[in-house]
Amino acid sequence: MKKGSLYTILYAAVLGITCAVALTAVDRFTETRKVANVQAEEVQDILTVLGVPFDAQASSSDLLTVYESMVDEEEINGLTFFVSRHPEAGKLLATRFSGPGLLAPIEGLICLEEDMRTIYAISFYKQEETPGLGGQISSADFQDQFRGKMIVGPLGYPGIHLVNDGADQVNEIDAITGATMTSDKVEDMLSEIIERIIARSGADGA
Amino acid sequence: MAHSGPVVCAVCGGSGPCDGKGKETLRAGVWVTNPVSVQVLGICSALAVTNKLENALVMGAALTFVCVGTNLFVSLLRNVTPRRIRMIAEVAIIATFVIIFDQVLRAYYLEMSKQLGPYVGLIITNCIIMGRAEAFALSNRPVVSMLDGLANGLGYAVVLGIIGFVRELMGTGALFGHQILGAEWYTPNQLMILAPGAFIALGFLIALHNAITGVNKPEGKGN
């Protein structure tokens, strides 16, 4: 069937609008569930880094209940801290950090003990670094290295360093081989958040 | 229009909604011209998501849903679609169905959505969908086109299911995450979980299909 240009344009417009309307409808229909999923994920990340036990299969509303009963939020100098009381480690404070990675933005949470200097746990919950190399930053092996380390060096300089020849200082971490660029970025974003934390806890810390 | 080898029933005397070729269409999609094991289409996703049976089945369901929906709409619009923009129109329809499935998966089965990663979205570029729209839906009535979409979707899902079954069972000793082969006597073969395992499993499956159907001659000239 021969059809003119005007018809073609009209056809494309009508088809395009129909598809757009259908997609908008689906988006609206699924929106509440998607928002709840995102929330549940955030809550899960925070609970994990604070060491609060929860059922991994729990529904998003159950997770929110656990979160609300166990975690307080404190806003200090523009940094939001998620505060929880751990049965063994005592008061724990976690805050978010983020920065550019090698391939995509990296986001994570750093959890400190009450002295605001000792790391209780760290989590890089969002990253798209090279799988097997930089991507290893979200592996348990790498993240567990941070436990018990300090955010301040022996001489009092703030910052965590990712080194490649044995991490023997209190603020050194054994970096991932083959992921120098990612390590540099991680070091930068940690330095930034650590400086802000130290500025906020300033006098009482050092 | 290039028919990429599907067997379309020559006897069109049927008066039913499927024009008398329903059974043949189903048989062609699932077995005779199976999109994966015979036409070797869509194997990127078939290899990527089959390290677990559950992932493979959800991916099969996604492709079936998209293929049925696309074939229905392409067929319904086949007489009003201007020929020169038909492929863009097909892509728009395919993309709509893919995004619908992706959104629903994200809302109701987030864990699976994460495991399948980009592969649900990549169904838009899957040759099976576009191939069936071009080769079948453009020249057939809606009901039989839907059947063709269903058959090809099932053909894809069955192959993925078999590969997923073999890979998960051999690679982890489990099915649907439940341990089947005893850990005390079965050592999981990690190769099956990795990419080479997918190629090996698919290769054996195609060989088996060829052995059963007896198709083992070199392809004819032309397309």
Side-chain angles (χ1 to χ4, degrees), chain A residues 1-45 48 54-64 103-104 107 125-132 135 138, chain B residues 1 48 51 62 65-66 69-70 72-118 120-121 123-124 133 137-139 176-178 190 193-195:
Chain A
M1 205 186 297
K2 200 105 178 116
K3 297 194 168 79
S5 300
L6 184 65
Y7 177 84
T8 306
I9 292 169
L10 275 177
Y11 177 89
V14 172
L15 182 69
I17 291 168
T18 314
C19 291
V21 168
L23 291 181
T24 312
V26 172
D27 186 54
R28 294 297 286 272
F29 178 70
T30 54
E31 200 174 2
T32 41
R33 292 281 311 211
K34 283 188 288 188
V35 171
N37 283 342
V38 171
Q39 244 178 6
E41 212 160 62
E42 284 179 7
V43 164
Q44 232 170 1
D45 292 332
T48 309
F54 63 90
D55 176 11
Q57 305 295 322
S59 68
S60 46
S61 55
D62 288 349
L63 279 173
L64 272 177
L103 303 175
E107 285 175 29
Y125 57 81
K126 188 178 165 202
Q127 57 90 7
E128 291 166 46
E129 300 305 285
T130 324
S138 51
Chain B
M1 193 192 323
N51 51 4
F65 168 76
V66 175
T70 304
L72 171 66
F73 279 88
V74 168
S75 176
L76 281 173
L77 297 172
R78 70 191 189 282
N79 293 324
V80 294
T81 306
R83 269 197 71 75
R84 58 186 157 165
I85 62 159
R86 70 174 198 288
M87 292 188 94
I88 293 180
E90 286 160 16
V91 173
I93 295 170
I94 295 168
T96 306
F97 279 102
V98 170
I99 296 171
I100 289 174
F101 193 93
D102 193 33
Q103 295 291 312
V104 171
L105 203 59
R106 257 168 224 240
Y108 293 93
Y109 200 176
L110 185 65
E111 207 47 45
M112 179 55 65
S113 174
K114 276 195 200 155
Q115 292 200 23
L116 293 178
V120 173
I123 294 177
I124 296 174
L138 269 182
S139 48
F176 291 114
H178 299 291
Q190 301 247 317
I193 292 294
L194 302 172

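Here is the naming used below: chain letters follow the sequence lines, and residue numbers restart at 1 for every chain.
Around atom CG of L10(A), more than 12 heavy atoms belonging to other residues, nucleotides or ligands sit under 6.0 Å away. Within a 6.0 Å radius of NZ in K126(A), other residues, nucleotides and ligands contribute 12 heavy atoms or fewer. Annotation for Y108(B): atom OH counts as buried by contact number, over 12 foreign heavy atoms lying within 6.0 Å. A 6.0 Å sphere centred on CZ of R78(B) holds more than 12 heavy atoms belonging to other residues, nucleotides or ligands.
Residues C19(A) and A92(B) approach most closely at SG-O, 3.9 Å, considering heavy atoms. Shown here for R33(A) and A107(B), the closest heavy-atom pair between the two residues is NE-O, 3.2 Å. Taking all atoms of both residues into account, the shortest heavy-atom contact from N37(A) to L110(B) is CB-CD2, 3.8 Å. Of all heavy-atom pairs between Y11(A) and T81(B), the closest is OH-OG1, 2.7 Å.
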Test side-chain contact (heavy atoms from CB on, under 4.5 Å) on L15(A) and L77(B) and set out the steps.
CA-CA 10 Å; L15(A) 182 69; L77(B) 297 172; 4.2 Å; yes
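Contact of I100(B) with chain A is made through backbone and side chain together, with heavy-atom distances under 4.5 Å. For E41(A), the part lying near chain B is the side chain, with the backbone staying farther off; criterion is any non-hydrogen pair under 4.5 Å.
The greatest number of non-hydrogen atom pairs below 4.5 Å with chain B, out of V38(A), T30(A), T18(A), is found for T30(A).
Applying the ring-ring contact (aromatic ring centres under 6.0 Å, His included) test to every pair with at least one member in residues 82-102 of chain B, sequence neighbours left out, gives these pairs: F65(B)-F97(B), F65(B)-F101(B), F73(B)-F97(B).
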